[in-house]
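All remarks here apply to the structure that follows.
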Amino acid sequence: MTPLYCSKGHENPNGNKFCRVCGEMLPSLAKTFDTGKILGGRYRILRELGHGGFGRTYLAQDLNRFNELCVLKEFAPQVQGNHALQKAEELFEREAGVLYRLQHPQIPQFRELFQVQQQDKGTLLLVQDYVEGQTYRALLEARRPQGLRFSEAEVTQLLIQILPVLEYIHFMRVIHRDISPDNLILRSTDGLPVLIDFGGVKEVAANVASKFLGSKVAGQNKPIITRLGKVGYAPPEQMQGGSVFPHSDLYALGATILVLVTGQEPQQIIDPNTLTWNWRREISLSSTLGRILDKMLQPRPGERYQNAKEVLRDLTTHLQFASDPQSAPSPPQTKPTLAVAPGSKPVAVNQPATPATRTPLSTFTNNTVLDWLGKVVLVSVLAAAVFGFTFWATNWWFKFRGSQPEPSPKESPIDQPDIKPPSWFPSNEAKRKELLDQRRANLEIDEKFYVQLVNEAFWNKYPNQEKRQLGTGSKDAPLREEWDKLAFELLTRIELLNLSRTARGRLGSYGTADLTSWKQQVNQLRLSSRAAYDIADSKFFHKFPDQRGEKFIDKSIGQVWQGIVGDTIEALKSGKALQRIEFAPGAVIQQVSGTLEPGDGKAFTAKLSGGQVMEVRLATDVNALFSVYGPSRKTTLLEDSNERYWIGDLPASGFYEFVVVSQASEPINYRLNLRVED
């Protein structure tokens with residue numbers, strides 16, 4: 001029979017009314033609402049998503065918003081009587097009102113709280129956005145049968161992407177209280193982690209159950225005191241006394257990371273006597289990440305990191321040094337005058353240099369061989385993320401920095417002097433504007449280019465607003481919020497591209513001279529522009545799928561594409577993205593294999609003779625594209641194809657190119673078999 005779980009994750013036999021571990025009242029297996037039922041006159045139940053200690057969660061359609069999917073969370077046990085329901089709703093509204101003010105793209109938006117009356121029983125339901133994706137618990141369980149766990153690279157990326165979210169909610173004076181693999185979702189649309197199921201509402205539900213239902217543990221006369229947080233994930237002081245602070249969430253996040261990398265539950269790796277974590281017997285991690293996790297998981301609150309920013313600083317400082325220990329960040333360039341800033345006069349913005357159309361590059365020889373790229377890719381990924389941490393800013397601010405002092409050459413971008421916001425904005429809004437611009441500065445992206453990039457995206461979405469100056473009043477607040485959302489999205493996509501520091505710093509200044517220079521640099525590689533662009537296009541469209549079919553070259557977003565091309569040329573020159581296939585005397589078959597990260601590509605070249613019979617076969621994921629090019633532009637055998645096989649007589653002598661690019665959302669393996677006979 002299906003077991004029952006309380007909100008802390010304790011398993012109980014079906015039929016129990018209270019948790020046998022903590023005494024929390026358990027939900028009934030009987031569904032409150034059937035599929036197809038319409039609640040509140042607008043929400044149609046589609047199916048149940050799950051249930052916990054305080055009720056069930058349903059996937060529903062919002063009939064008032066074009067059947068948009070949403071999530072309904074009910075809170076059981078149901079209260080009886082109008083007075084009890086009214087008091088319960090008041091408590092819920094107070095807590096839900098706090099969560100409603102949270103505006104972050106990695107937190108589902110809370111929409112409303114409403115009640116449903118059935119006979120003499122009332123049920124409270126909270127409505128929030130639906131997040132398409134899988135929980136990290138589900139992702140871990142899917143890997144267990146193969147003996148797989150999360151890698152250090154994956155959990156480091158998770159830390160970098162979720163710590164800014166914690167920094168934001170803590171700034172808003174909200175503690176999550178229940179972080180675990182179950183309450184983190186890897187969103188399928190953009191690959192970002194999303195924080196769900198805040199514990200504050202659950203605590204209200206527990207208080208309601210205790211106050212209005214008189215819930216008691218068997219043999220006791222006092223109401224149940226429910227401590228929110230799962231055993232092993234919540235810190236000792238939270239489980240024992242209910243006290244929560246920002247460092248409480250950091251403890252739970254550290255526990256979550258260890259569960260993901262070890263595949264073990266907290267109870268399996270924590271010493272119950274000392275409350276220390278014996279994770280090193282399960283996994284070997286880098287010394288820096290190990291020290292960070294140890295500090296996050298200290299039993300004594302005073303010995304932990306006190307806020308998310310401290311964790312990020314330690315993590316990113318190490319990663320920055322690891323990627324380039326000899327270099328220090330150089331001072332940003334003098335800030336240019338910006339355009340369309342609220343409360344100021346619009347000024348002209350120089351357009352980025354216009355790239356030329358794609359021109360074939362000459363083909364030349366490269367004797368490099370395929371290297372395994374795991375650690376190299378990891379370092380580059382994390383180096384790009386160094387400059388991209390901060391939490392979500394709900395409104396935009398992209399001016400008013402010209403008079404601020406510049407950091408010294410030895411100063412880390414993370415420790416730049418505080419940037420003062422314009423005085424006429426409310427303090428919260430000004431602070432968030434400051435943090436959004438700080439995020440841009442940490443990425444070392446030119447401010448003028450950044451403004452133009454976001455403006456173009458904003459004007460594309462709202463053509464009637466083009467060149468219009470947004471005001472600082474409430475009338476334009478929705479438009480300012482939309483501009484800010486687009487800015488956040490674009491910065492996130494650029495972060496995930498893992499562009500080199502050089503490429504990020506040059507965005508807005510690329511031009512035709514760069515394409516000419518790149519052509520000269522690949523003259524020794526025996527590779528055509530088609531192959532180089534195939535690899536660059538794959539990475540670009542992986543993060544900007546909306547640009548497929550668009551004429552983006554002459555726009556600001558085309559500068560991002562050029563930055564990718566520049567990094568691609570460097571990867572080809574170094575042999576990281578290019579391998580020469582050579583046949584030993586008398587041999588007719590060669591095989592190469594490897595792994596591609598999402599959006600990445602690999603090129604291979606082989607010098608062959610006209611009239612030879614070539615048979616090429618690629619074994620890989622369905623979400624990969626395959627191209628086979630001949631020595632001249634006229635000899636294209638396969639191009640961006642889903643075909644995996646080609647055989648025939650070669651039309652000319654020279655270097656043939658084989659390009660594999662990944663469009664998958666997960667790393668994929670490939671194996672290329674090449675057979676050539678006279």
Original post:
Out of Val259, Leu297, Thr256, which one pairs with Pro266 under the side-chain contact (heavy atoms from CB on, under 4.5 Å) rule?
Top reply: Val259
**OP:** Using a strict 4.0 Å threshold on nitrogen-to-oxygen distance, state whether Arg313 and Glu167 make a salt bridge.
**Re:** no
Subject >> Parallel, tilted or perpendicular, as decided by the 30° and 60° cut-offs, for the rings of Phe198 and His176 >> reply: tilted
Subject >> Side-chain ion pair, Arg440 and Asp437, N-O less than 4.0 Å >> reply: yes
Original post:
Taking 4.0 angstrom as the limit, do Asp294 and Arg280 come out as a salt bridge?
Top reply: yes
Original post:
Considering residues at least two apart in sequence or located in another chain, which fulfil the salt bridge (charged side-chain N to carboxylate O under 4.0 Å, His left out) criterion with Arg671?
Top reply: none
**OP:** Please examine the side chains of Leu163 and Leu250, heavy atoms only from C-beta on, and report whether any two atoms are closer than 4.5 Å.
**Re:** yes
**OP:** Could you tell me whether a side-chain N or O of Thr135 sits under 3.5 Å from a main-chain N or O of Leu184, the two making a donor and an acceptor?
**Re:** no
Subject >> Check ion pair Lys539-Asp600 (N to O, under 4.0 angstrom) >> reply: yes
**OP:** Apply the test side-chain hydrogen bond (donor to acceptor under 3.5 Å, both in side chains) to residues Asn623 and Gln663: give CA-CA distance (whole Å), side-chain angles for both, the deciding distance (0.1 Å), then the verdict.
**Re:** CA-CA 5 Å; Asn623 294 308; Gln663 296 184 322; over 6 Å; no
Original post:
Under 3.5 Å, is there a donor-acceptor pair linking the side chains of Glu570 and Ser500?
Top reply: no
**OP:** Using the side chain to side chain contact (heavy atoms under 4.5 Å, CB included) rule, take Gln103 and Tyr168 through it: C-alpha gap first, then chi angles, then the decisive distance, then the call.
**Re:** CA-CA 9 Å; Gln103 301 283 331; Tyr168 168 70; 4.1 Å; yes
**OP:** Before accepting this row, confirm whether a basic side-chain N of the pair Lys485/Glu489 lies closer than 4.0 Å to the acidic partner's carboxylate O.
**Re:** no
